[in-house]
Amino acid sequence: MVSSERLLAFAAMSFLLIVVPGPSVLFVIGRALAQGRRAALTTVVGNTVGAYVLVVAVALGVGSVVERSVLVFTALKLVGAAYLVYLGVRAWRKRGSLQAAVTTDGSARGGGLRTLWEGFAVGVANPKTMVFFAAVLPHFVDRVQGHVVVQMLLLGLVFNLIAVACDSVWGLAAATGREWFARSPRRLSLVGGLGGLTMIGLGVTVAATGRKD
């Protein structure tokens, strides 16, 4: 199995990648600003499940195909970027109706499964995570010890546990700030629009960055 040294080294590298806001974190923040604490945490869960799907794909060898094929990688990246822009535009158009949707606990009513799915879609199409798992994860596997797939799944679990903790902190912090905005319909509309613009900008950024080879 994975040695403690490899596990700690991978955890440290994972933390450095996760703590820097990327597509998943910014999406969580946008959801927190637009819909509140519950939606942010649901999005974190969806993101985590999506990211772990990438871990499974890499463990089963699919990740190497994505990493080696510019076409496949670019297609996945653009699909994720387009979906982010779509969600951002929708949030922007609905910014004026947030006040009516806010409940007594400060969260907005909305479909939990839909929010979970949207978080999953962003997590599974996150180019930063995709590249990390495909290019970095295999290097921390001790092939001499055997059970390579199990080792990758274990390392991926460590990554996702760190991601859940960090992303939740970002989401809760953003949701706390949103509660102040919720006291005024005008401010709430402003923050809803900000969340939408954040997702649109994120989608454009994801589409414009990445591999050039």
Side-chain angles (χ1 to χ4, degrees), residues 14 17-58 62-63 66-67 72-95 107-108 110-134 137 156-157 159-175 178 191-211:
S14 298
L17 178 79
I18 292 167
V19 76
V20 177
S24 292
V25 169
L26 294 179
F27 185 70
V28 169
I29 291 174
R31 268 290 178 259
L33 292 176
Q35 295 185 11
R37 182 181 295 107
R38 182 179 299 176
L41 295 179
T42 303
T43 301
V44 170
V45 174
N47 267 328
T48 303
V49 175
Y52 202 72
V53 167
L54 295 178
V55 174
V56 174
V58 170
V62 179
V66 176
E67 172 63 16
V72 174
F73 181 88
T74 302
L76 289 174
K77 182 184 71 170
L78 292 179
V79 168
Y83 192 62
L84 282 169
V85 171
Y86 162 74
L87 293 176
V89 170
R90 191 177 69 180
W92 171 264
R93 293 180 62 184
K94 293 183 177 181
R95 68 190 186 281
S107 3
L113 288 178
R114 185 180 65 186
T115 302
L116 186 70
W117 161 251
E118 291 172 349
F120 171 84
V122 172
V124 80
N126 186 340
K128 184 175 77 169
T129 306
M130 195 184 302
V131 171
F132 180 79
F133 286 152
L137 178 61
L157 182 61
F159 178 95
N160 279 279
L161 289 175
I162 297 173
V164 166
C166 292
D167 292 359
S168 295
V169 170
W170 280 109
L172 291 174
R178 175 185 180 273
V191 78
L194 178 61
L197 290 176
T198 299
M199 285 183 277
I200 293 173
L202 176 59
V204 173
T205 301
V206 168
T209 59
R211 290 166 50 173

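Numbers here simply count residues along the sequence, with the first being 1. All values derive from a computational prediction rather than experimental measurement.
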Chemist: Of all the heavy-atom pairs spanning Gly123 and Leu54, show the shortest one and how long it is.
Modeler: O-CD1, 3.7 Å
Chemist: Do Asp167 and Ile18 pass the side-chain contact (heavy atoms from CB on, under 4.5 Å) test, and can you show the C-alpha distance, the side-chain angles, and the key distance before you say yes or no?
Modeler: CA-CA 8 Å; Asp167 292 359; Ile18 292 167; 4.2 Å; yes
Chemist: Please find the pair of heavy atoms, one from Ala51 and one from Asn160, that lie closest to each other, and give the distance.
Modeler: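 Looking at all heavy atoms of both residues, the shortest contact is CB-OD1, 3.4 Å.
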Chemist: Using the test ring-ring contact (aromatic ring centres under 6.0 Å, His included), find all partners of Phe120 that sit at least two apart in sequence or belong to another chain.
Modeler: Trp117
Chemist: Considering only heavy atoms from C-beta outward, does the side chain of Thr43 approach that of Asn47 to under 4.5 Å?
Modeler: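 Yes, at least one pair of side-chain atoms sits under 4.5 Å.
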Chemist: Which residues pass the side chain to side chain contact (heavy atoms under 4.5 Å, CB included) test with Thr42, sequence neighbours left out?
Modeler: Arg38, Thr115, Leu116
Chemist: Please report the shortest heavy-atom distance between Val28 and Gly171, naming the atom on each side.
Modeler: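 Between these two residues, the closest heavy atoms are CG1-CA, 3.7 Å.
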Chemist: Can you pull out every salt bridge (charged side-chain N to carboxylate O under 4.0 Å, His left out) where at least one residue sits in residues 115-127? Sequence neighbours excluded, please.
Modeler: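 Qualifying pairs: Arg31-Glu118, Arg90-Glu118.
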Chemist: Where is the tightest heavy-atom contact between Ala175 and Ala32, given as atom of each residue plus distance?
Modeler: N-CB, 3.8 Å
Chemist: Are Tyr52 and Phe159 near enough that their ring centres are under 6.0 Å apart?
Modeler: no
Chemist: Between Thr48 and Val164, what is the shortest heavy-atom contact and its length?
Modeler: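 Shortest heavy-atom separation between Thr48 and Val164 comes out as OG1-CG2, 3.1 Å.
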